[in-house]
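Structure, as structure tokens:
Worth knowing before you read on, the calculation uses all heavy atoms, side chains too, and leaves out hydrogens, waters and symmetry mates. Just so you know, residue 1 is the first one in the sequence shown, and it goes up from there. Indexing begins at 1, ligand by ligand and atom by atom, following the structure's order.
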Amino acid sequence: MLRSFDSVLESVQGKPKKTIALAMAEEDDVLLAVDRAHRAGLADAVLVGDRKKIRLCAERHGIDLNQFDIVHAEGEFQSVVRAIQLVREHLADTLMKGKCSTATLLKGVLQKDHGLRSGKLLCHMAIFETPHYHKLLFMSDAAMNIEPDLGKKVLIVENAVAFYRALTPSIPKLALITAVEKVNPGAMLCTEHAAIIAQMARRGQIADVIVDGPLAVDNAVSSKSCATKGIDSPVGGDADILIMPDIEAANVFYKTLTYLGGSKTAGLIIGAQVPIVLTSRADSDETKFLSIALAMAASGRTMTT
Ligand code: COD
């Protein structure tokens, strides 16, 4: 079980440093997070972007640029392409979004011949440490797959399990989240998806994970709620991973935990050749730093097919 981000940070401390390719590095917050990760001994970085603008950002915050390599590239698309190239040439272990838009980064990553596809579905994974839960809570997909069908949900589950197990050898408990804990045939398709995927896991079609669903969020994280509703579940009250029915539910959950739930949060794209640090501008420095730490912990140990 992963109790906290501190346990993840401890697991990367003292390990050989990995390198981040930062796409469009001329942004203050991201540069600060990369600098913090470097000072914490977690990562080196290659800063890809407009050299002059990167220098200005660094000067504003007293960041010593001598500790990083800079690859000059002008404009959003060129920066993304060059950063991806560094990963493809094994000069960097992970990609991180800087000032560029999420869409440009994802489109670059999805390029058939020059991107970072691995043959797997790419999806977003968020990790939360909240004072209201006894361990880290993993959740997908808040940012990439909009309305996954049954096939894509199975791939999201498999990606989530592979990522979790790259961080710890323990077997995760995974809840397929819907609004209700009973299958509602015809009316609520996501409850049907959840029941089918749970059965697939029981039959061994999905390995290394204990799955249950449909479960509502309260059933997944509260044993008391399960007891009250008479739900006997191997996952209920103790889920490690929540798979949401669609991007809307996932994104609302992400923002609610982050802004109102007192949660520390990290976010990554998984399923590509390397983990990709993808945070939004509104995310805090800490979210960016923790996301780098998670990428460092997972990189090189999973992801490729
Ligand atoms: N994994 C692997 N391959 C993919 C994926 C994926 N998740 N998505 C698309 N592809 C492949 C397709 O098979 C195809 O070969 C190629 O990429 C292009 O597919 P399109 O045309 O469906 O993809 P795009 O470029 O139109 O869109 C991909 C996005 C990721 C940009 C799109 O799915 C999207 O906009 N997602 C939501 C992003 C968002 O708004 N996030 C919310 C806020 S953070």
Side-chain angles (χ1 to χ4, degrees), residues 22-24 27 29-30 33 76-81 83-84 87-88 94-128 138-163 166 177 190 193 197 206 241-261 263 265-288 290-292 294-295 298 302-305:
L22 179 56
M24 217 173 175
E27 199 206 33
D29 286 351
V30 181
E76 190 166 319
F77 186 66
Q78 272 312 312
S79 296
V80 168
V81 167
I84 288 174
V87 176
R88 286 176 61 87
T94 184
L95 177 70
M96 180 168 182
K97 170 180 171 284
K99 198 178 176 186
C100 57
S101 72
T102 299
T104 306
L105 190 91
L106 292 181
K107 279 173 196 269
V109 167
L110 286 173
Q111 288 179 100
K112 263 206 173 103
D113 298 321
H114 306 286
L116 294 174
R117 292 183 188 215
S118 71
K120 289 185 176 181
L121 185 77
L122 271 68
C123 49
H124 186 262
M125 172 62 75
I127 302 98
F128 306 97
F138 291 58
M139 189 275 298
S140 191
D141 177 332
M144 187 143 191
N145 294 284
I146 296 170
E147 204 174 359
D149 59 14
L150 176 60
K152 281 193 178 149
K153 274 190 191 154
V154 171
L155 298 175
I156 290 172
V157 165
E158 288 174 345
N159 269 353
V161 173
F163 179 75
I177 299 299
C190 56
H193 287 171
I197 295 171
I206 303 170
I241 304 172
L242 308 182
I243 302 298
M244 292 293 170
D246 60 22
I247 197 171
E248 309 291 352
N251 204 281
V252 170
F253 183 86
Y254 179 106
K255 304 254 163 78
T256 307
L257 247 67
T258 306
Y259 284 87
L260 298 173
S263 176
T265 308
L268 301 168
I269 295 289
I270 60 172
Q273 289 175 24
V274 294
I276 298 166
V277 181
L278 188 130
T279 53
S280 75
R281 281 210 197 175
D283 282 328
S284 67
D285 286 354
E286 183 162 46
T287 291
K288 287 169 183 148
L290 293 173
S291 304
I292 292 172
L294 260 293
T302 181
M303 305 298 151
T304 47
T305 46

So for ligand 1, is [X] a polar contact partner (N or O within less than 3.5 Å, distance only)?
| X | value |
| --- | --- |
| Asn145 | yes |
| Ala143 | yes |
| Arg117 | yes |

Flag: protein heavy atom within less than 4.0 Å of [atom]:
| atom | value |
| --- | --- |
| atom 10 (N) of ligand 1 | yes |
| atom 31 (C) of ligand 1 | no |
| atom 7 (N) of ligand 1 | yes |
| atom 15 (O) of ligand 1 | yes |
| atom 22 (O) of ligand 1 | no |
| atom 36 (N) of ligand 1 | yes |
| atom 27 (O) of ligand 1 | no |

Exercise for the section: Using a strict 4.0 Å cut-off to heavy atoms of Leu106, name the atoms of ligand 1 that fall inside it. Expected result: 30 (C)

Handout entry: For Leu121, the ligand 1 atoms whose distance to one of its heavy atoms is below 4.0 Å
Key = 1 (N), 6 (C), 7 (N)

Problem - Arg88 side-chain N/O to Gly115 backbone N/O, donor-acceptor pair under 3.5 Å - result: yes

Completion exercise
To the nearest 0.5 Å, atom CG of Leu95 lies from atom CD1 of Ile276 at 5.5 Å

Fill in the blank from the handout: Closest non-hydrogen atoms of Ile247 and Asn145, given as atom of the first, atom of the second and distance, are CB-O, 3.6 Å

Fill in the blank from the handout: Test side-chain contact (heavy atoms from CB on, under 4.5 Å), reference Ile270, set Ile156, Leu294, Asn159, output is Asn159

